[in-house]
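We use all heavy atoms of the structure for the numbers below, so side chains are in, but hydrogens, waters and symmetry mates are not. Below, read A as the first sequence line, B as the second, and so on, with proteins coming before strands; counting in each chain starts at 1.
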Protein chains: 2
Amino acid sequence: MTYDEGQVRAMAGTKDGTGNGNGSTKPVARRLLATATRLFAEQGYDRTSVQEIVDAAGVTKGALYHYFGSKEDLLHEVYGRVLRLQQERLDHFADADAPVEQRLRDAAADVVVTTIDNLDDTKIFFRSMHHLSPEKDKQVRAERRRYHERFRALIEEGQRSGVFAADIPADLVVDYHFGSVHHLGTWYREDGPLTPQQVADHLADLLLRALRP
Amino acid sequence: MTYDEGQVRAMAGTKDGTGNGNGSTKPVARRLLATATRLFAEQGYDRTSVQEIVDAAGVTKGALYHYFGSKEDLLHEVYGRVLRLQQERLDHFADADAPVEQRLRDAAADVVVTTIDNLDDTKIFFRSMHHLSPEKDKQVRAERRRYHERFRALIEEGQRSGVFAADIPADLVVDYHFGSVHHLGTWYREDGPLTPQQVADHLADLLLRALRP
DNA sequence: TCCCACATACCGACTGGTTAGTCTGCCTGT
DNA sequence: ACAGGCAGACTAACCAGTCGGTATGTGGGA
């Protein structure tokens, strides 16, 4: 066994996915994770074999199981990366010193840009969530809920202060917006007519317009 | 071989998924498809084995492969059912004799209700699209595009006549709304606080508000 | 300085289990 | 007697994870 249970659990909270906890990702581990991310996004988690990943990364199974406890750990790492990034950015924009409609617009637009910039991760995130084991699934759901609630708080703040329409549940508005974010992986193409920033501005604009009292 | 290539292709256009083309679904075939739909939605396509499906339906593999050419055919049948249903309903509302904002509102709300009423099918639809073979994938994409374009035409009509804001690409608005529809499978719960109709009214309202000039 | 003990990094053959799909044949109604 | 409907054992392929082994590097004692 390369990692015992305790170490695997601990890994989930570290930054680099190697479980060494010192922030310095070993090149091989980094390459394996990057390769897995690409293949998972292209073919789906279940359709990507461990053999394919190690072949594409130019190593063997020995290397993969040296750095990761299981195939699922790779998936969990992708999730952790996305969640931490998005939460950090949301907190940044939500805590800013600006009117609530500006903070919401900035946060809403930023999540779109960030999602497009990491489209592979996001495709995996939304498609393969239900492939996680109950334990890891619970953890990911908890982090997602935290994100959702922070976003909802922004909307409720605007509703209380009268700058947003209050006759609609804030929860529903959050899901409305994140539906469109979620959906980006299905339709957005890099070679399409719109830049990520343009898409973000349009989608944030739609959200703010829908919330006009 | 139960079905040769030609028959499998023909099946895609029939109504009952048994390939007999006479509209009378054999009970066993119907039960297999219903069981598969439920299991695919619960566990995902790849995680559901053919053995599980036939066990849950109370038959054996012999029966399944008597009625369906492959496991993928089951998936394709689910897709066909959903696509035909949604297209039919969209055409109905879009062709109605009413102002464009009313037609759009009705169509937008109806797709939400229909989606919630067939949540299993929709979950499968959005999660497992990329599991289809290239040939069937192409066919499904073509039908989806037809749907998308009909919906977009409604928005463009309103933009031309000045009742909708014209400073946003209609394509993007369609994806915005369908993002939220797509997302329903992730968050909507039957035992939640909102009825399908309430959700539909809210989401249609958000769309129409966002389109106010 | 040399050398030994030990750890880390990785290899690749192997195992036990699972899977989609096939095939032979029985059974029943016409 | 013939055909459709179905059973269930079988096969060939595949897959995640294991394990014994090798190579490389590193710290400490003589």
Engineer: Looking at D/dC15, D/dG17, C/dC10, which one has an atom nearest to any side-chain atom of A/Ser70?
Structural biologist: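 Shortest atom-to-atom distance from the side chain points to D/dG17.
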Engineer: What is the distance, rounded to the nearest whole Å, between atom CZ of A/Arg47 and atom P of C/dA20?
Structural biologist: 10 Å
Engineer: May I ask you to test the B/Arg127-A/His130 pair for a side-chain heavy-atom distance under 4.5 Å?
Structural biologist: yes
Engineer: Atom OH of A/Tyr65 and atom C1' of C/dT8: how far apart are they, to the nearest Å?
Structural biologist: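 Spelled out: OH on A/Tyr65 to C1' on C/dT8 is 20 Å.
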Engineer: Within the structure, does a side-chain N or O atom of A/His66 lie under 4.0 Å from either OP1 or OP2 of C/dA9?
Structural biologist: yes
Engineer: CG of A/Leu74 versus P of D/dA16: gap in Å, rounded?
Structural biologist: 11 Å
Engineer: Relative to the 5' end of DNA chain D, which residue comes earlier, A/Ser49 or A/Gly62, by the nucleotide with the nearest heavy atom?
Structural biologist: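 This one resolves to A/Ser49.
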Engineer: Between A/Glu72 and A/Ser133 (side chain of the first, backbone of the second, donor and acceptor by atom type, cut-off under 3.5 Å), is there such a pair?
Structural biologist: yes
Engineer: Are the side chain of B/Arg144 and the backbone of B/Leu83 linked by a donor-acceptor contact shorter than 3.5 Å?
Structural biologist: no
Engineer: Any Lys/Arg nitrogen of A/Arg150 or A/Asp95 sitting under 4.0 Å from an Asp/Glu carboxylate oxygen of the other?
Structural biologist: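 Counted as a salt bridge, because a side-chain N and a carboxylate O are separated by less than 4.0 Å.
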Engineer: Rounding to an integer number of Å, can you tell me how far A/Lys61 NZ sits from C/dT15 C1'?
Structural biologist: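 Checked: the NZ to C1' distance equals 11 Å.
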Engineer: Distance check needed: C/dT22 P versus B/Gln51 CD, whole Å only.
Structural biologist: 15 Å
Engineer: Is the distance between the ring centroids of A/His148 and A/Phe178 under 6.0 Å?
Structural biologist: no
Engineer: Can you tell me how far P of D/dC19 sits from CG of A/Leu64, to the nearest Å?
Structural biologist: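 It works out to 17 Å between those atoms.
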Engineer: Looking at the side chain of A/Tyr67, which of D/dA16, C/dA20, C/dA9 is the nearest nucleotide?
Structural biologist: C/dA9
Engineer: Evaluate side chain to side chain contact (heavy atoms under 4.5 Å, CB included) for A/Leu203 paired with B/Leu172, printing each intermediate quantity in order.
Structural biologist: CA-CA 8 Å; A/Leu203 291 183; B/Leu172 196 91; 4.0 Å; yes
Engineer: In degrees, rounded to 10°, what is the bend between the two ends of the helix from C/dT1-D/dA30 to C/dC26-D/dG5, using five pairs at each?
Structural biologist: 0°
Engineer: For D/dA16 and A/Lys71 - does any side-chain N or O of the residue sit under 4.0 Å from the phosphate oxygens OP1/OP2?
Structural biologist: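 A/Lys71 to D/dA16 OP1/OP2: side-chain N or O found under 4.0 Å.
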Engineer: For A/Thr60, report the nucleic acid contact type (base, sugar-phosphate, nothing); a contact means any heavy atom under 4.0 Å.
Structural biologist: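 Base: the residue A/Thr60, judged by heavy atoms under 4.0 Å, touches a nucleobase.
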Engineer: Check the distance between D/dC15's P and A/Asp55's CG and give it to me in whole angstrom.
Structural biologist: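 From A/Asp55 CG to D/dC15 P: 11 Å.
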Engineer: CZ of B/Phe68 versus P of C/dT22: gap in Å, rounded?
Structural biologist: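 So the two atoms are 16 Å apart, to the nearest Å.
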Engineer: Salt bridge or not for B/Asp120 and B/Arg38, using N-O below 4.0 Å?
Structural biologist: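 No, B/Asp120 and B/Arg38 are not salt-bridged.
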